[in-house]
Each structure stands twice: as C-alpha cells, then as structure tokens.
Amino acid sequence: MAEKPKPGAEPNQPKDDPKRKDISQIELILSEFDDGVVEVWPEDWRREGAGYLCRAGSVLVRDTDLDRVMTAFGRGRPQEGGTPHEGGIGGVTRLDLPSVVPDEAPQAFSPTQRFLEYADLLFGRGVVTPLHLFYVCSVSPCPATEPEEVPPGIPPDPLLPTGATDGQGVKVVVLDVGWTPAPAAYWLNGVTGEPEPGYDPATQTIGPYAGHGTFIAGVVRSIARNTEVVVKSYFDKAGAAFEDDLAVRLDEVLAESPDIISLSAGTSTRNNLPSLSLDVFIQTRVNRINGLVLVAAAGNENSRQYFWPAAFPEVVSVGALAENGRDKASFSNFGTWVDVYAPGENLVNAFLNGTYVCTEPPNTGTTRTFTEMARWSGTSFSTPLVAGLIAGRMSATGESARQAADALLAYSLTQPAPGVGPVLRPGDAGASI
C-alpha cells in the first residue's frame, strides 16, 4: 500500500510557488481519507493545479437515466453495468463502476475518468458526473489564510450594537466543521451546535480547520446579536464531505426549520457543470420551502470559474472585499454569478484556546497560540456577514429570508464598488429599510 502524502510535502516545488498552498491543502485532505478513495483531476495536479476532487470508482446519475447508463456501461447487459447505491437524496443514484472499462472508452489516467468521458460521448455532458468532494478548504484554501493571532483584549471586527436589526426571532443554521463554545465571547451566548472533532480541549490542540464554525457563528452574531445560531459538524474529515453525503445533511437541516442556511464550503466541478446532488436538492427541496435562503461562499481561487453551490441562481453567492472596503479581496472568486461582495479580509472574531501548527507555506511548522480570538480571511467569513445582514433585516421588517435577501441585493446594486460589483457592508440591514 502506498504511503499517504504528508501535508505540505512537495520537495520539488519552488518555495515561492503560490500553488504550494493548493498542494498542502489537497495533501492534507488526501491524508485524512482512506487510500484510493479520493481522486484528484487532472492527473498532474501538482504542476497544473487541481480542477476538482472526487470519489474514485463512483459516479452520480439521475434515477431517470440509470437504466440506459448501466446498459451502456455493461455493453447491453445492465446487470454488468455497475452497482447502484442510494445517491444521498431522492432522484440521484450513486453508481459504483464496473471493474471492466469498455474497450471503446477514451483513454484517461483512471477508470473513473474513462467512464466519465465514455458517458460524455454516449449521452452528452452532465448525464453522468463525478461524485465531487466539497470542502471548507477549497482547492485554493478557503479560508484564504490560516488563522492569525491577535493581541489580548481586541474586540471583534466588525461588531454592531444591538437594535432593531438584531436578528431576534430568526434562525440561522451553519453547516461547517462544528462548534466549540467560547465563554469569553459574550456575543456568542446562546449559540448551540455539534462538537468539532478537530479540537482537543484537554490538550488545547487546534487541528486544521478547527474553529472555523465558531468563527463563522461569531460573525453572524456580530452583525445580528440575537439571531438563533446552530452550528453543524458536517465537514468533519479534513473539512471535506462528498456531495451525496452533503445533500443528505442539507436535507436533515431542513427538519430544523431554519430561515437561513449559511454554507462556507463548495467546489469547482468537472466541465463547470452544477453538482448533481445539490442541483436536485435545490430544485426539489429548497425551491419548495417558502422564504428559505441558502447563502454560500464564492470561493477563494481568484477565478471567474463557477464555484458550487454558490453559482446556483437560487443561492445568494458571496465574494469578499479587501480590508479597505473598496477593492475585491485578492483571493476572492468573481464573475456575473457572484451576487454580492462583503468584507472578508482580516476579520476578527471568536476562536479557540490553544496552539495551532501551521500547515501552509510559507509558515509550515510555525506554532501559533490563541486565546479565544483570531484574525482570519476568506469568503468563508464574508458569507456569514451577509447571512447576519439578512437576519437583521428580517427582525426589523418582518420579511421572510427570501424577501430580506432580495431587498438587500437590490440595495447592494445602489452602492457598487468600481471594478468589483454590488457591495454590502456592516450596518446595511438598517440602511436598506
């Protein structure tokens, strides 16, 4: 069995090559999953950059297409065309591929890619898709930086006073790595959630991605202090989850009747096509619940390429502004599919107590010590800021989350940042009324 790659290990990569961050992040993900489960495309991703990560040996197919796909893969014998499994959500099937690749399938570096290219030839793009891996740390890191230390006693930034736009009566569910209470962060009083596996309170050891959910909850509460916030531990393995599992977990969240779902995770996809599992979830679940809003991070590749689920038109997609509040943050994705930009660079909020060892160059191996606060950057954090603005407006106007989001997006169009796009800033929940 091949030894798993060690995070950050790529001795032939120039030290100043910006792709080293991508490499260290992907290797961290690969090291947390069983050997051979996760596949990275393209094959030479260390040199070319990764397009997407997926489950090796499996694909996704809509239930309505399953018979013809299995018949084709089995060369006329559907019983030999793979092994179907539940696809996470009704309407989608996970198909474990047959061991024999049809001779007429195009050549590719793995059986998974050969089957995908074969399906493209037979049915067109998008009928058969990879089972993508979603992550709170995208192929370029999301968050865009590792957490940074701040001086003791520094307050959150931003932090709004309580008032009419305090989010009272609004429920936000955060899908993330989990929740760790921060007793000194008074603005987090009443927040609940599932414990995160990446933090050991006994030894105060902070693992990669730990504290991400706590920080996000802090941003929501800094904008709308009395919002009910629940943090889920769904990205509990290297901050990643396969899309069929994510669809199940999103479906579970609906049972809690949230007004807003805040999701600081996503992925790029094969051929830039929508994630099949999340497409079905949005069309058959989200769109049938009056007023519900999903707010998602636009990602941190500094790319125009679609990042899902943020790129779905039904989702409020959030890019990040630079610290000066005028420019796009250097890491933020962009394009017409990004609905709005909000502050996402060098925010300060609640974090964990303990020590963290950096995994990303140029700080790999550096130990940082935290006392319940950190400074962090990424569209991961501009996203809950917008979720907090929606919650704040709802409490002041009585609107549904969908109505409040639409009103805020309309307001953002009145104050665009040149060369960036529509912008929302802390305090705009009240200014937009």
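Of the candidates F33, Y135, F134, F33 is the only one forming a ring pair (Phe, Tyr, Trp, His ring centres under 6.0 Å) with F242. Results of the side chain to side chain contact (heavy atoms under 4.5 Å, CB included) test with L60 over L95, V128, L276 single out L276 as the only residue that passes.
For the pair R270 and Y52, the cation-pi criterion (under 6.0 Å, within 45° of the ring axis) is not fulfilled.
In this structure, D245 does not pair ionically with R55, as no charged nitrogen and carboxylate oxygen lie closer than 4.0 Å. One finds a salt bridge joining E27 and R46 here, because a Lys/Arg side-chain nitrogen approaches an Asp/Glu carboxylate oxygen to under 4.0 Å. By the 4.0 Å N-to-carboxylate-O rule, R47 lies close enough to D44 to be salt-bridged with it. A salt bridge links D65 with R68: the distance from a Lys NZ or Arg NE/NH1/NH2 to an Asp or Glu carboxylate oxygen falls below 4.0 Å. A salt bridge links D251 with R285: the distance from a Lys NZ or Arg NE/NH1/NH2 to an Asp or Glu carboxylate oxygen falls below 4.0 Å.
Residues that satisfy the salt bridge (Lys or Arg N to Asp or Glu O under 4.0 Å) test with D67, not counting sequence neighbours, are absent from this structure.
Between the side chains of E360 and S24, not a single donor N or O lies within less than 3.5 Å of an accepting N or O. There is no side-chain donor-acceptor pair under 3.5 Å between Q204 and N353.
Closest approach of G49 to P42, counting heavy atoms only: O-CD, 3.3 Å. The shortest heavy-atom contact between P309 and G266 is CD-CA, 4.1 Å.
Classification of the W376-F351 ring pair by plane angle, with boundaries at 30° and 60°, yields perpendicular. Ring orientation note: the planes of F381 and H212 are tilted relative to one another, at an angle of 30° to 60°.
Heavy atoms from other residues, nucleotides or ligands lying under 6.0 Å from CD of E86 number 12 at most. Within 6.0 Å of the CZ atom in R75, the count of heavy atoms belonging to other residues, nucleotides or ligands exceeds 12. Dense packing is recorded around CZ of F331, with more than 12 heavy atoms of other residues, nucleotides or ligands lying under 6.0 Å away. Other residues, nucleotides and ligands contribute at most 12 non-hydrogen atoms within 6.0 Å of the CG atom of N290.
Rounding to the nearest 0.5 Å gives a distance of 8.5 Å between CG of L385 and CG of L424.
Identified under the ring-ring contact (aromatic ring centres under 6.0 Å, His included) test for residues 268-296, with sequence neighbours left out: none.
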Quiz item: Hey, mind stepping through F115 and F73 against ring pair (Phe, Tyr, Trp, His ring centres under 6.0 Å) and telling me if it holds?
Solution: CA-CA 8 Å; F115 274 105; F73 284 180; 4.9 Å; yes
